[in-house]
Amino acid sequence: MNLFDRLILSLYSLALTILSIIVIAAALNLIPYEIVQSNILSIYEAENMRYAYLGVAVLFFLISLKFLLQGFRRVKDRSRTEAISQRTEIGHVSITVNTIESVALKAARRVRGVREVKSVIRSDDTGTSILMKASVDGETPVPTIVEEIQKGVKEQVESIIGMVIKQVDVKITEVAQQPSTRLSRVE
């Protein structure tokens, strides 16, 4: 769901919440009958506001219809459906992106100094490349970590999956802060 849909859904939910509170208050007789009746009659009697009420009602109907249809639309899970295909001497092999990501993440987590890691697999006509986004501990030199991630991921994926990896890019996203330890002074 994109940002615009979230904004519309938030406003729609707020309006329905207010309307629900009013209906609940009227049903519990917290709002006098005369006020409810006069407000409902004003919709029928106000000639100049009739089109405004109609416009708001149509807008709410269309928003409701949009969200109702979105609820029935089938969302594709990329990790299950996207696969990289290879032709071997014996036959056709199809490996899901999720499988490649799992092997790459396992290899990257073995590298000393890596705290958290995520991966993005890209495949095109020129080959398959892997982007590793890593958070490091700040104690191990970053060039060493990057080199070990690149080498380890490439070797692990190629040996386990059996596909050639064009390149492994590494993006260091954060240097994790060590918890500060306060030293007490002894005299």
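Bear in mind the structure is a predicted one, so any value in this text is a computation, not a measurement.
- Other residues sharing the hydrophobic cluster of Leu30, ordered by chain and number and joined by side-chain separations under 4.5 Å: Ile24, Leu28.
- Applying the ring-ring contact (aromatic ring centres under 6.0 Å, His included) test to residues at least two apart or on different chains, none of the pairs has a partner in residues 148-176.
- Looking at residues two or more places apart in sequence or on another chain, you find a side chain to side chain contact (heavy atoms under 4.5 Å, CB included) between Arg112 and Thr140.
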Side-chain donor-acceptor contacts of residues 31-40 below 3.5 Å, not counting sequence neighbours, with atom names and distances?
residue, atom, partner, partner atom, Å
Ser38, OG, Glu34, O, 3.2
Ser38, OG, Ile35, O, 2.9
Asn39, ND2, Ile35, O, 3.2

- Output, in order, the C-alpha distance, side-chain angles, deciding distance and verdict of side-chain contact (heavy atoms from CB on, under 4.5 Å) for Leu105 and Met132. CA-CA 8 Å; Leu105 289 172; Met132 303 300 296; 4.2 Å; yes
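- Residues meeting the side chain to side chain donor-acceptor pair (under 3.5 Å) test with Glu158, sequence neighbours left out: Lys154.
- Every salt bridge (Lys or Arg N to Asp or Glu O under 4.0 Å) that Arg50 has, sequence neighbours left out, goes to Glu47.
- Every residue two or more places apart in sequence or in another chain that forms a side chain to side chain donor-acceptor pair (under 3.5 Å) with Lys66 is listed here: Asp5.
- Clustering of Ile, Leu, Val, Met, Phe, Trp and Tyr side chains at separations under 4.5 Å places Leu131 together with Val120.
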With a cut-off of 3.5 Å and sequence neighbours excluded, list every side-chain donor-acceptor pair involving residues 51-62.
none

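- Using modelled atom types, one finds a donor on one side chain and an acceptor on the other under 3.5 Å when comparing Lys166 with Thr126.
- Take Gln167 and apply the side chain to side chain donor-acceptor pair (under 3.5 Å) test, not counting sequence neighbours, and it matches Asp169.
- Looking at residues two or more places apart in sequence or on another chain, you find no side chain to side chain donor-acceptor pair (under 3.5 Å) involving Ser159.
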Would you tabulate the side-chain donor-acceptor contacts of residues 7-20 under 3.5 Å, counting partners in other chains and residues two or more places apart, or write 'none'?
residue, atom, partner, partner atom, Å
Ser10, OG, Arg6, O, 2.9
Tyr12, OH, Ser64, OG, 2.3
Ser13, OG, Leu9, O, 2.9
Thr17, OG1, Ser13, O, 2.6
Ser20, OG, Leu16, O, 2.8

